[in-house]
Amino acid sequence: MTPVDDGERPVTSPVLQVEELSVQFGGLCAVDEVSFSVEPAEIVGLIGPNGAGKTTTFNCISGVIVPTEGNILIQGQTVTPFTPERACAMGVLRTFQNVRLFGELSLRENIMMGAYSAGRCSMVSAMLRLPIHARLEREAAERADHWMDLLGLMDYADAGATSLPLGLQRVAELARAMAANPQIVLLDEPGAGLNKVEKERLSDILRSIAAETNCALLVVDHDMGLVMGLVERLVVLDFGKLIAQGVPEEMVRHPDVVEAYLGVA
Ligand SMILES: Nc1ncnc2c1ncn2[C@@H]1O[C@H](COP(=O)(O)OP(=O)(O)OP(=O)(O)O)[C@@H](O)[C@H]1O
Ligand SMILES: [Mg+2]
């Protein structure tokens, strides 16, 4: 499942470093000096009870919000400035809890947007129809077809993206992220709204993507069945603090993790 060759970035380890990250909303410390890292090809779950700071951490890593303190490094390079464009250009892509595809575009066109978002095709060259744009458009279509083929979406390439069942839309969002040739993909509740069979299929796809492309995956999901069967390591947050990290089998027995979950039950 190797991405189409387009001058990929060399992969160094770790792919993501979160260093002493803190986010303050007024008087509330939503993320409190959180540090963890993710290696290439690793699948890591970011879990914790409601309000633990998972989405806020995701928002920092993807450049949506600027942390109050701390650093995010992608392959050893600090993400500055903290903007979604910068994070994306450095190889951080994300999918959303509420799937965000463009309804007026076909599935292929949606996935081509991912290829463009790798930052190689400027709006100016697109508007002026410069020769470079024609070549980049061809490459984007090739990459979109490559990912649609690998993820079993080819039959729906020309369908309106939002006319498809939710399970396929989630796979399409993943294809769009992968078409951008990411170093790490952040998945926000990828199992939400999917039935058991769709969740199993998505887990299989995610595992083969990580294994075969070296792309790391950081997953937030409340479905512990999905998370436990998918991830190699868990990072556990509670009230903004990192309370434990390790392999899933150890985390389910960790006293602080048990207390955090039972405390909100
Ligand atoms: N924009 C904001 N302004 C003020 N407070 C916020 C904001 N975003 C999040 N919070 C608060 O920060 C804390 C962490 O929220 P966050 O959404 O990161 O938690 P979460 O772990 O994603 O929770 P959930 O599992 O419910 O999605 C919560 O107390 C939340 O109410
Ligand atoms: Mg959340």
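Ligands are counted one by one from 1 in listed order, and the atoms in each one are counted from 1 as well. FYI, side chains are in, hydrogens and waters are out, and symmetry mates aren't considered; it's all heavy atoms of this structure.
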For Glu198, what residues pass the salt bridge (Lys or Arg N to Asp or Glu O under 4.0 Å) criterion, not counting sequence neighbours?
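With neighbours one apart ignored, the set is empty.
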Any residue meeting salt bridge (Lys or Arg N to Asp or Glu O under 4.0 Å) with Arg207, in chain and number order, not counting sequence neighbours
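Counting only residues at least two positions away or on another chain, Arg207 forms a salt bridge (Lys or Arg N to Asp or Glu O under 4.0 Å) with Asp204.
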Using side chain to side chain contact (heavy atoms under 4.5 Å, CB included) as the criterion, point out the one residue from Asp188, Val185, Leu187, Ile61 that pairs with Arg94.
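Only one of Asp188, Val185, Leu187, Ile61 forms a side chain to side chain contact (heavy atoms under 4.5 Å, CB included) with Arg94, namely Asp188.
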Give a yes/no answer: is there an N/O/S atom of Thr56 under 2.8 Å from the Mg ion (ligand 2)?
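Short answer: no, not a single N, O or S atom is under the cut-off.
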With atoms numbered from 1 as shown, which atoms in ligand 1 lie under 4.0 angstrom from a non-hydrogen atom of [X]?
| X | result |
| --- | --- |
| Leu28 | 11 (C), 12 (O), 13 (C), 29 (O) |
| Ala52 | 19 (O), 20 (P), 21 (O) |
| His222 | 25 (O) |

Only heavy atoms count here, so choose which of Asn50, Ile65, Leu237 is nearest to atom 26 (O) of ligand 1.
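Answer by nearest heavy atom: Asn50.
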Donor-acceptor contact present, side-chain Ser22 to main-chain Asp32, <3.5 Å:
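Not at all, since once roles are kept as given, no pair shorter than 3.5 Å links the two residues.
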Quick one: does Asp149's side chain have a donor or acceptor within less than 3.5 Å of a partner on Asp145's backbone?
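Judged by distance alone, no pair lies under 3.5 Å.
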Would you say [X] and ligand 1 have an N/O pair spaced under 3.5 Å apart?
| X | answer |
| --- | --- |
| Ala30 | no |
| Thr56 | yes |
| Gly51 | yes |

Are Glu142 and Arg138 close enough, and set up right, to give a salt bridge (Lys or Arg N to Asp or Glu O under 4.0 Å), and what steps lead you there?
CA-CA 6 Å; Glu142 267 172 34; Arg138 212 171 42 246; 5.1 Å; no
So that I can tick it off, tell me whether Arg233 and Glu42 are bridged by a salt bridge, with the cut-off set at under 4.0 angstrom between side-chain N and carboxylate O.
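Salt bridge present between Glu42 and Arg233.
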Would Gly48 count as a contact residue for ligand 1, given that I'm defining contact as a non-hydrogen atom of the residue lying under 4.0 Å from a ligand atom?
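Gly48: no contact with ligand 1 (<4.0 Å).
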